[in-house]
Amino acid sequence: MTINTPSPVAPVVTRFAPSPTGFLHIGGARTALFNYLFAKHHGGTLHLRIEDTDRSRSTPEAIAAIIEGLAWLGLDHDGEVVYQFARAARHAEVAHALVASGHAYRCYASIEELDAMRAAQKAAHAPQRYDGRWRDRDPAEAPSSVKPVIRLKAPQTGATTIHDLVQGAVTVENAVLDDMVLLRSDGTPTYMLSVVVDDHDMGVTHIIRGDDHLNNAFRQLQLIRAMGWPEPAYAHIPLIHGADGAKLSKRHGALAVGEYAKMGYLPEAMENALLRLGWGHGDDEMITRNQAIAWFDTGHIGRAASRFDIKKLDNLNGHYIRSADDARLTALVLPFVEAKIGSPVSLSQHSLITKAMPELKSRAKTLLDLADGCLFLVRQRPLPIDASAEKLLDAAGLALLGDVAQTLSTEAVWDNPNLEASLKSMAERLGLGLGKIAQPLRAALTGTTTSPGIFDVLTLLGRDESLARISDTHKHTKLQ
RNA sequence: GGCCCCUUCGUCUAGCGGUUAGGACACCACCCUUUCACGGUGGAUACACGGAUUCGAAUUCCGUAGGGGUCACCA
């Protein structure tokens, strides 16, 4: 019996092989990530192959979305993208070689005939599989009206075992595997043929893919053996389930990775979240790309399906936002800010946001939150005042603000320590806590009840803007 | 239904025969505090069930239950 483990000295070659029939969702992204990390960990290469042999369902938009999604995550592949459809002639060639060597045969059963066969099997509560009716039949008996398919002449006795890097040894009786179609009657290759040929021709040593392919692997292995090709190592990773506990799909509300970008998530946060889905390294939670490359192994991939938790992504994203560079964050948040205010951000506002970033970023879980936090800096006077801020601007609040304006207007040095000293002494004089003064002031300056520290807000806005916003509030409220 | 796989706090996981079953998110309380965050401290919550092996089992084996995957001339 053959063990399908490649020689340890061979350089590692992995591949990510999505079919472009839809967007790249987190399941696919995580498969790509694992392939990437495994390859990098071993100093190997990762190839991208687009499995576009289903011409009616493959779209250029999907191809673009997959490539963009991978680029956003920074999962670079080596070499050119391989398009599977372009290799159909080579796949057919292999099928014919298999017929010539006696490992495959032509089957003249019509679609209708096969449907009838399955219906009968179903009625008899028997397993539904091709019964091998043309396996040993003389081709001379072939009906001229039917164009044949080519089927693999698979072993009918014994068992096939896969030594999966994640699932362990998995064995299936050959008797339950039927003779799969390699080449359709129109001469085009099936997926089963194409993957095997492409993986071989691309020199793939490790096939890391979703668990939903585990059953396919047995037939693929039989095909590999029929060709006498080296056997790759397999790692079938558990699927990511949707909230309903079933395989992730559009139907379950799976989102394209691009959607997460639009919701204000950072790619490194997404990567970290994906990495921790099904893989762990002790108690480590925040894992950088380099650490992931150094630590990644198939031995610690779990065997059970997992669910994606957006709350955890939020938390991770908050961490990464806090540790991100201010200039980068500003550049990232700008489009979100502009979308919210409906106009472009000026150069001076841009630098104001950068300046405020250290204070803003600790308050955001997403770039969308961050953009909300920026709003008070870029809004034009008079500021819109939200409902909870409005409540602080009652008669008492406004009276207080009059005093505050008085105090602030005499302030010679407009900086954090001076403003703090001045407002604190004012509070003391009035026998109030600082909060009593700070809250109405915050409402006046930002139109909201949450913001960075009040002295930061004052210095960020500057003396003129701050005083103007305070007096705006008086007018605004009197108008009511 | 056949075949295959899975099962540790609500969620993601650590654990590889001897642990008070650890961490993270979320949740609750408290602290910090001018708001909101951040940060800190503490708390509640898990080995699906039943057998077997063993001095000893979350870890091994066998069942049961539940969940998932897959059964095309789709990929």
Side-chain angles (χ1 to χ4, degrees), chain A residues 17-21 51-54 56-58 84 107 109-111 114-115 118 121-122 125-130 147-151 164 167-168 170-173 175-178 180-186 188-192 194-195 210-216 218 236 238-239 241 245-247 273 276-286 299-300 302-316 318 322 359-365 369 373 388-389 392 420 423-424 427 433-439 441-443 446 448-455 457:
Chain A
S19 65
T21 54
E51 311 221 314
D52 55 350
T53 55
D54 185 338
S56 60
R57 293 201 302 147
S58 297
Q84 192 161 60
C107 166
S110 67
I111 305 265
L114 292 175
D115 285 344
R118 288 193 195 95
Q121 287 168 339
K122 190 170 184 180
H125 298 288
Q128 292 174 51
R129 62 177 85 107
Y130 176 69
K147 286 192 143 197
V149 298
I150 292 179
R151 288 182 184 271
D164 193 276
Q167 308 293 340
V170 184
T171 301
V172 162
E173 294 296 320
V176 308
L177 270 16
D178 61 6
M180 65 176 166
V181 174
L182 264 19
L183 212 59
R184 300 186 187 103
S185 51
D186 65 1
T188 60
T190 62
Y191 160 79
M192 287 294 209
S194 299
V195 242
D211 211 2
D212 49 344
H213 287 286
L214 181 60
N215 290 296
N216 291 334
F218 297 95
H236 288 96
L239 301 176
H241 284 174
K247 182 179 169 178
R276 290 287 291 104
L277 224 45
W279 181 84
H281 185 266
D283 287 342
D284 295 305
E285 296 290 345
M286 303 291 297
H300 286 84
R303 301 212 272 179
S306 52
R307 296 182 198 208
F308 183 69
D309 183 8
I310 194 85
K311 287 280 181 50
K312 193 133 182 174
L313 211 215
D314 281 339
N315 178 270
L316 246 15
R322 267 171 258 133
E359 286 302 318
L360 295 173
K361 67 185 181 183
S362 74
R363 296 173 165 77
K365 292 212 184 302
D369 295 343
S388 46
L392 291 166
E420 179 164 358
L423 284 187
K424 276 195 171 155
L434 186 54
K436 286 286 179 203
I437 295 174
Q439 274 309 82
L441 181 53
R442 189 185 318 279
T446 70
T448 69
T449 51
T450 71
S451 78
I454 198 67
F455 307 110
V457 172

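Below, chain A is the first sequence line, B the second, and so on; all start at residue 1.
- If you check every strand for non-hydrogen atoms under 4.0 Å, A/R303 touches sugar and phosphate atoms only.
- Side-chain contact, A/Q121 with A/R118: no donor N or O sits under 3.5 Å from an acceptor N or O.
- Across B/C47 and B/A58, the matching C1' atoms stand 5 Å from one another, rounded to whole Å.
- In this structure, A/E285 reaches the bases: a heavy-atom distance under 4.0 Å links it to at least one base atom across the strands shown.
- Contact of the A/L423 side chain with the A/F455 side chain is registered, since non-hydrogen atoms from C-beta on lie closer than 4.5 Å.
- A/H281 places its NE2 atom 17 Å from the C1' atom of B/C12, with the value rounded to the nearest Å.
- Distances from the side chain of A/V170 to the nucleotides B/C5, B/C73, B/U34 place B/C5 closest.
- Note on A/T450: a base of the nucleic acid sits closer than 4.0 angstrom, heavy atoms only.
- Listed candidates were B/G69, B/G22, B/C73. Nearest to the side chain of A/D283 is B/G22.
- A/A443 comes within contact range of no nucleotide atom at all, as no heavy-atom separation falls under 4.0 Å.
- At the heavy-atom level, A/S306 lies under 4.0 Å from the strands shown only through sugar-phosphate atoms.
- When atom types are taken as modelled, the side chain of A/R442 and the backbone of A/G453 share no donor-acceptor pair closer than 3.5 angstrom.
- If you check every strand for non-hydrogen atoms under 4.0 Å, A/D52 touches nothing.
- The residue A/T171 sits close only to the backbone: its heavy atoms come under 4.0 Å of sugar-phosphate atoms, none of a base.
- Note on A/L277: only backbone sugar-phosphate atoms sit closer than 4.0 angstrom, heavy atoms only; bases stay farther off.
- Note on A/R276: a base of the nucleic acid sits closer than 4.0 angstrom, heavy atoms only.
- Residue A/T448 is out of contact with every strand shown, counting any heavy-atom pair closer than 4.0 Å.
- Phosphate proximity of B/G15 to A/H300: present, with a side-chain N or O under 4.0 Å from OP1 or OP2.
- Among all heavy-atom pairs drawn from A/L316 and A/M286, the shortest one is CD1-SD, 3.5 Å.
- Taking the P atom of each, B/U11 and B/U70 are spaced 23 Å apart, rounded to whole Å.
- At the heavy-atom level, A/K122 lies nowhere under 4.0 Å from the strands shown.
- Proximity of A/T190 to A/M180: side-chain heavy atoms (C-beta onward) are nowhere separated by under 4.5 Å.
- Within 4.0 Å of A/L239, counting heavy atoms only, lie sugar-phosphate atoms of the nucleic acid but no base atom.
- Residue contacts shown for A/K436 are absent, as no nucleic acid heavy atom lies under 4.0 Å away.
- Nucleic acid contact class of A/P238 (heavy atoms, under 4.0 Å, all strands): none.
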